[in-house]
Protein chains: 2
Amino acid sequence: MSPRLRRALPILDWGAHYTAATFASDGLAALIVTIMLIPQSLAYALLAGLPAEMGLYASVLPLVAYAIFGTSCTLAVGPVAVVSLMTAAALGDMALGSPAEQAAAAVTLAFLSGLILLAMGIFRLGFFANFLSHPVIAGFITASGLLIATSQARHVLGVPASGGTLVEMLISLAAHLPAVHPPTLAIGLGAIAFLFWVRRGLKPLLVSRGVAPGLADIATKAGPVAAVAVTTALCYAFRLDTQGVRGVGEIPRGLPPLTLPQFAPSVWRDLIGAAFLISIIGFVESVSVAQTLAAKRRQRIRPDQELIGLGAANVAAALSGGYPVTGGFARSVVNFDAGAETPAAGAFTAVGIALAALFLTPLLEFLPIATLAATIIVAVLSLVDFRILKTTWTYDRADFAAVLATILLTLGIGVETGVSAGVILSVALHLYKTSKPHIAEVGRIPGTEHFRNIRRHDVLTTPEVLAIRVDESLYFANARFLEDYVLDRIAGDCAIRHVVLMCPAVNEIDTSALETLGELNRRLAEGGIALHLSEVKGPVMDRLQKSHLLRDLTGQVFLSQYAAMTALGGAPAEPA
Amino acid sequence: MSPRLRRALPILDWGAHYTAATFASDGLAALIVTIMLIPQSLAYALLAGLPAEMGLYASVLPLVAYAIFGTSCTLAVGPVAVVSLMTAAALGDMALGSPAEQAAAAVTLAFLSGLILLAMGIFRLGFFANFLSHPVIAGFITASGLLIATSQARHVLGVPASGGTLVEMLISLAAHLPAVHPPTLAIGLGAIAFLFWVRRGLKPLLVSRGVAPGLADIATKAGPVAAVAVTTALCYAFRLDTQGVRGVGEIPRGLPPLTLPQFAPSVWRDLIGAAFLISIIGFVESVSVAQTLAAKRRQRIRPDQELIGLGAANVAAALSGGYPVTGGFARSVVNFDAGAETPAAGAFTAVGIALAALFLTPLLEFLPIATLAATIIVAVLSLVDFRILKTTWTYDRADFAAVLATILLTLGIGVETGVSAGVILSVALHLYKTSKPHIAEVGRIPGTEHFRNIRRHDVLTTPEVLAIRVDESLYFANARFLEDYVLDRIAGDCAIRHVVLMCPAVNEIDTSALETLGELNRRLAEGGIALHLSEVKGPVMDRLQKSHLLRDLTGQVFLSQYAAMTALGGAPAEPA
């Protein structure tokens, strides 16, 4: 078997050593994840504005596809909160009429997202994800969590509030407050209270009763299933649906259907931007979870192969009536804690969900939507964390600006605008910072061959020589800055006859900077000043030799700043 | 008078020392520029798809406004080729019906462009122009020159060809070839041949006849005026207009009218993108001309004040029936060579153009459009220069990719797409390059305290210590790369107990990189490996001290790599 094939199909690697013991571990983990995933998949489908069964469909074939192509042994793929919110926003922008159109568009979105991820994986474009800075992601997740929690509040209140932004939703909720439906509210608040108690209080209680901490941890993850079971039973027993408590309703019973995405160019045009953002956000989220978990076991994942795995999962979602999926944080941690050892655990989870779709759906008819909303609210509120604002305010104001813009625009305009603005702003601020690099005038420390900043050290200088060190690569964004600096500096000092550019921190000189240096050389020559370079790095020098700069240079290239100063008359200035 | 006011109104500075001698110099320069500007302004207005008189209007008040607010003593502001082409593209995109609507939209475009430039000046956002790399600008100018020359070819051929892209125009020209109008073609080709001869052959001829080279230079700039005068006279004398040679037609006689921009939000929305690109391109072009000329006299310009000057000029254009203006290259060089000493020369040029608008317009009725097209073609063909492709191919493939994309998309889709793609691609490629920084494993050179790359030097290392040097600032685009590098490295080497990150080339650590370092520290700790830093720069250390990293760090921060290796057991490895 070729190593290339083994890299492309990780299943061949781990599948070859699969044992009964691994099967037992994976099977147990899959059982626990399945129990957790059933309510989550239904809830997130509703969050995406889609029929509940699409959440189940998105939790079968995509998991199998990831198990074949993915490299993480513990990542649990499926519908997740943020991607569901982004799906809802993308479908909302299209102003589609019928639920069938919505479902078709969601399938197409998964397909496009899958193609984008596959293309990024094949062409090794995973570095795109690096353009999302950590603070921007943190701000985006926090703002998304708030948006999601607010959007679900209407289901807990039992009112038909709506709105695209946080403010619109809050206003609509306030307007509908008089119409709150008390039985729905009771179920919703009860579920929220129960779920918070499970998160905070159940584990200590179980541990104090002698349950092993690991087992207690897993038990707390079953909270949503318990809430679902109890409230469904209540609703069924007291026929609360006849009193206005909305249930999930009839869910078609059966395996995921075979579906095809739409191929109309206009639909693709409408969805491609959202598909791109969903792919990037989904990938970043998924890879960071996968890396964190892999590192705990000293395993490694391959990000480019992860793109293929997630791409295949999304294409599988599109072919089986699902919607965009990615690796979920909470679910993967449960999978990890429950002892999953290979991606097969994901495939076994798929079997579990398929069985649920076949046999459990009749039981879910009376499942109150308020309960699902409660599980979403409790899950996403744990994502809301404004500390990133404080951290960045203290540490880096540029990052703070990017986070603030991301949060405000996500809440005020929408998820796509928010995350795009965050990325653009981080990139722009990074370019801005490097566009004004630190430039130090340097002189020689007496008795040594070292050159240091004249503002910080007591150094020797020569009036005829301006020696400056640039602490940044020279490229288009800062080329002009250096030129301005030097020209300003010599305009105020008639004694200067030599300018020496000390380049130990210059890792690159691009074409723009090369032209600027040529221009600077010419302008200095017009004033009778020679331009020299010193301590140019090897790779930079190699490329300069292909250019005209070294030929035209009025001065020389010195191996060290000391050699430059010796040659230009700086060294003799040493006091006896 | 406050220094602040003097900075905001440069005219107060140079105006205070204005003498009769300066007046004489400026006046002469203004006369020569006026003669050059009359045919240019008419031609560029036609290129922009606007009535010829708008070119004259754009050459009066804008010049006065720049004289008050601008900082360059020799920049000649007015309509220029590339901005006229971009104006034509912006108006073309709007699919406006009547010429009056076109004119109103052009006025609005100038107003928006003026507001954007003023805002950028007030908020000191001139650094935005730095995002345009030299190669992208060169590629864009070359492609624009080709587009402009092709678009003007129809006037020389006398056919109604049209098309938005180079290929469309060439096809349309070919389709119209059988309908070429011979008299128009004769005038157009004659003018082109004459203008090329003036550029190439007139100066040597004059100099050989004993004319001073400076004077000969200026005489060659009068070529277009001569062509205009002769062909207009021919057209009038032989009534060529009755034989189908299109003239400029009746131009309204009088001073520029008072106009107001449109304030409809829909119009602003349609034009704002184009206005932004026109502002940036116009600013970059203008500033580079102004800087080049200022440097020749050891003067300086202030780029942020230039934004104000150009912004005021464009607002003035909007208020007086003009269209977007900026500093022109050829014209400014003429102004400089002719001896302009202060911005007053521009104001005097404005008087000249105003007089032309008042008294010369009746003479222009018979001016053949073919002649104007010939002056444009000869002017822009000098801008076309594909050498940038060769230069960047040899020197920097990333720049080559950006130039190629800019040229192909400008020619194939349009000016806005072309220049946007160039900017996005340069930024993305820069981020890509810095996202995979050079990382060297280092060891100590025997007998010294210096540490060098183990691949290039014969150095001492210790199996328990992994010492690596990163040659780049750590920020969001490369944070993950470092983490991957270190984790991959330790995964294959069980002996490692310490990782030392040598940071002399790290000029910044942003929040993302800080978090990655924290994460790396945690993960290494899980494997029983300590993370140390060495040679951290002062400003970086100052900021790290505000973070949690130093508190959580399992290792230490060493002042030098030598100190680190001594403490961690690397130093004793020295052979006796």
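Numbered from 1 within each chain, the chains take letters A, B, ... in sequence-line order. From a predicted model like this one, the values you see are computed outputs, not experimental measurements.
Ring-plane geometry between B:His430 and A:His430 is classed as parallel, the angle between the planes falling under 30 degrees on a 0 to 90 degree scale with a further cut at 60.
The OG atom of A:Ser512 sits 5.5 Å away from atom CG of B:Asp399, with the distance rounded to the nearest 0.5 Å. The CG atom of A:Asn507 sits 8.5 Å away from the OG atom of B:Ser473 when rounded to the nearest 0.5 Å.
For A:Leu550, the CG atom sits in a packed shell: over 12 heavy atoms of surrounding residues, nucleotides or ligands are nearer than 6.0 Å. The local environment of CZ in A:Arg7 is sparse, with at most 12 non-hydrogen atoms from other residues, nucleotides or ligands closer than 6.0 Å. Within a 6.0 Å radius of CZ in B:Phe481, other residues, nucleotides and ligands contribute more than 12 heavy atoms.
Using a 4.5 Å cut-off on side-chain heavy atoms (C-beta onward), B:Leu132 and A:Phe476 make no contact. Put simply, the side chain of B:His438 does not reach to within 4.5 Å of the side chain of A:Lys537, judged on heavy atoms. Looking at B:Lys546 and A:Thr391, their side chains never come closer than 4.5 Å, going by heavy atoms from C-beta outward.
B:Ile509 touches chain A through backbone and side chain together, each having a heavy atom under 4.5 Å away. The parts of B:Arg543 that come within reach of chain A are both its backbone and its side chain, each placing non-hydrogen atoms under 4.5 angstrom from that chain. Contacts between B:Glu508 and chain A at a heavy-atom distance below 4.5 Å involve the side chain alone, from C-beta outward. Proximity to chain B (any heavy atom under 4.5 Å) is shown, for A:Asn478, by neither the backbone nor the side chain. Contact of B:Tyr395 with chain A is made through backbone and side chain together, with heavy-atom distances under 4.5 Å. Looking at B:Val287, the atoms closer than 4.5 Å to chain A (heavy atoms on both sides) all sit in the side chain, from C-beta outward.
Ranked by heavy-atom pairs under 4.5 Å with chain B, the list A:Thr511, A:Asp488, A:Asp484 is led by A:Thr511. Top candidate by heavy-atom pairs under 4.5 Å with chain A, chosen from B:Thr434, B:Ile490, B:Val403, B:Leu544, is B:Leu544. Note: A:Gly527 leads A:Ser547, A:Ala491, A:Gly527 in heavy-atom pairs under 4.5 Å with chain B. The residue among B:Thr394, B:Leu431, B:Thr392 with the most heavy atom pairs within less than 4.5 Å of chain A is B:Leu431. Between chain A and the options B:Ala505, B:Ala477, B:Ser435, B:Ala398, the largest number of non-hydrogen pairs under 4.5 Å is found for B:Ala477. Ranked by non-hydrogen atom pairs under 4.5 Å with chain A, the options B:Glu483, B:Glu519, B:Glu526, B:Glu515 are led by B:Glu515.
Applying a 4.5 Å heavy-atom cutoff, the residues of residues 133-142 of chain B that approach chain A are B:Ser133, B:His134, B:Pro135.
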